[in-house]
Amino acid sequence: MSSSSTLHLNQSGTTEFVFRVFTTSPTIQALLFCFFLLLYIMTLCGNTTIIWAVYTHTSLHIPMYFFLSNLSLIEICYTTTVVPLMLSNIFGAQRPIPLAGCAAQMLLFYTVGGTDCFLLAIMAYDRYVAICHPLHYTLIMTQKRCIQLMLASLGLPFYLELHLTILLFTLPFCGHHLEINHFFCDAPPVLRLACGDTRVQQAIIFVMGFFILAVPFVLISISYIFIANTILQIRSAEGRWRAFSTCSSHLSMVLLQYGCGILVYMRPKSSTSEDEDWQLALVYTFAIPLLNPLIYTLRNKDVKDALKKSMSCTVPSEPP
């Protein structure tokens with residue numbers, strides 16, 4: 001039997017993790033619980049509204065909004081992977097999570113997070129085709145092509161993160177109850193609890209982060225270079241503004257998503273602080289999924305018009 005298999009068997013059923021306690025004050029615990037629960041409900045409602053609007057309005061049945069609705073679904077999965085367990089641990093004693101449960105949460109979180117990054121790159125490509133090659137848009141962005149791109153954005157992160165998760169959780173963890181200095185099973189804080197040599201795993205996390213964060217970001221940047229060049233060639237100021245307005249919401253999401261991700265996973269370990277990683281994690285777990293529907297509804301005329309029509313249909317007309 002290999003050493004890794006022996007190691008896995010020795011750990012099985014013995015190692016459990018507990019998460020860092022936010023505070024021991026009952027009053028602050030209650031305030032934090034209500035605050036995070038409110039943010040979670042707002043995230044669910046906002047993203048569900050976008051999915052519903054795209055599904056029920058034929059005017060939004062185009063690739064741009066197909067990807068937007070899938071992005072909203074991914075944001076719901078993203079927060080649901082973390083927040084319910086986090087809320088259950090705010091009150092009372094630290095509830096342990098078994099090794100397998102921690103691995104499952106990490107795999108799901110990184111899969112949906114990676115899908116989010118690849119999907120933003122696909123949305124940039126969609127805008128590139130729409131603005132730079134408008135006459136060929138319907139030929140390139142077919143329904144079949146959109147579904148294939150969506151499945152690829154989900155399958156590739158799952159394949160990569162499955163191998164990373166297996167690699168991390170075959171490490172030795174010395175002790176029975178280990179406290180993760182975090183509110184979910186993230187790779188860097190879990191790796192700090194391993195009692196073996198973790199240099200290979202740290203290098204692989206960096207490479208994975210580069211591939212999932214940096215590569216799509218470069219592709220997005222290249223797409224927007226071509227988009228900007230095309231927009232600048234439009235003669236009328238109104239035409240330039242109309243073309244730019246279709247990209248502004250997406251650009252805002254890209255800056256938020258990749259900015260936080262690169263700060264957490266691509267910084268040199270010598271410059272990182274556990275508290276900084278923990279605080280940034282709160283931003284990309286709560287703020288980004290919540291801002292997604294706000295950005296797209298407040299800055300997207302088509303979505304706003306669809307929501308207004310839905311609201312007008314639900315309001316009963318007054319009798320004559």
Side-chain angles (χ1 to χ4, degrees), residues 11 14-26 28-33 35-37 39-40 78-113 161 164-206 208-209 212-213 259-289:
Q11 295 175 168
T14 58
T15 300
E16 292 181 327
F17 298 102
V18 291
F19 297 111
R20 170 181 174 176
V21 176
F22 280 89
T23 177
T24 56
S25 169
I28 299 179
Q29 285 176 345
L31 290 174
L32 287 176
F33 181 87
F35 176 67
F36 289 137
L37 179 61
L39 292 180
Y40 181 53
Y78 192 70
T79 54
T80 302
T81 303
V82 173
V83 176
L85 182 61
M86 169 190 161
L87 291 175
S88 70
N89 281 286
I90 289 181
F91 288 113
Q94 294 171 298
R95 294 177 176 85
I97 179 172
L99 197 70
C102 190
Q105 186 188 52
M106 184 183 294
L107 175 61
L108 289 173
F109 180 79
Y110 282 149
T111 297
V112 294
E161 301 304 341
L164 175 62
T165 304
I166 292 173
L167 187 66
L168 289 181
F169 283 89
T170 51
L171 283 168
F173 293 96
C174 303
H176 180 55
H177 283 281
L178 300 174
E179 184 181 72
I180 300 175
N181 190 16
H182 217 298
F183 57 90
F184 70 96
C185 291
D186 200 7
V190 169
L191 199 59
R192 293 187 184 105
L193 300 177
C195 55
D197 187 0
T198 63
R199 287 176 294 181
V200 173
Q201 285 76 10
Q202 287 175 352
I204 292 175
I205 289 174
F206 182 85
M208 289 284 192
I212 292 179
L213 291 169
C260 289
I262 289 172
L263 282 174
V264 172
Y265 298 106
M266 300 294 292
R267 287 187 303 173
K269 289 301 172 186
S270 58
S271 65
T272 61
S273 162
E274 292 185 34
D275 288 336
E276 288 177 2
D277 289 349
W278 184 80
Q279 292 160 7
L280 282 170
L282 285 174
V283 174
Y284 64 71
T285 303
F286 284 96
I288 295 177

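For the pair Met86/Thr285, no side-chain contact is recorded, criterion being any heavy-atom separation below 4.5 Å from C-beta on. In this structure, Arg192 and Asn181 have side chains that are not in contact, with every pair of non-hydrogen atoms separated by 4.5 Å or more.
Note that CD1 of Ile205 and CG of Leu191 are 5.0 Å apart. Values are rounded to the nearest 0.5 Å. Interatomic distance, CG of Leu178 versus CG of Leu193, reported as 5.5 Å (0.5 Å rounding). Residue Thr165 holds its OG1 atom at 11.0 Å from CD of Gln105, rounded to the nearest 0.5 Å. We find the CG-CZ distance between Leu213 and Phe206 to be 10.5 Å, quoted to the nearest 0.5 Å. To the nearest 0.5 Å, atoms CD (Gln201) and CG (Leu171) are separated by 4.0 Å. Here Leu168 contributes atom CG and Phe173 contributes atom CZ; the two are 7.0 Å apart, rounded to the nearest 0.5 Å.
Side chains of Tyr40 and Thr80: a donor on one and an acceptor on the other come within 3.5 Å.
The aromatic rings of Phe17 and Phe169 sit perpendicular, their planes meeting at an angle over 60°, well past the 30° parallel limit. Aromatic ring pairs are classed by plane angle as parallel below 30°, tilted from 30° to 60° and perpendicular above 60°; the pair His182 and Phe184 is perpendicular.
In plain terms, the two heavy atoms of Glu16 and Pro96 that are nearest each other are OE1-CB, 3.6 Å. Pro289 and Tyr78 get closest at one heavy-atom pair: CG-CD2, 3.9 Å. When all heavy atoms are compared, the tightest approach of Thr111 to Leu107 is OG1-O, 2.7 Å.
In this structure, the ring-ring contact (aromatic ring centres under 6.0 Å, His included) partners of Phe36, at least two apart in sequence or on a different chain, are Phe22, Phe286.
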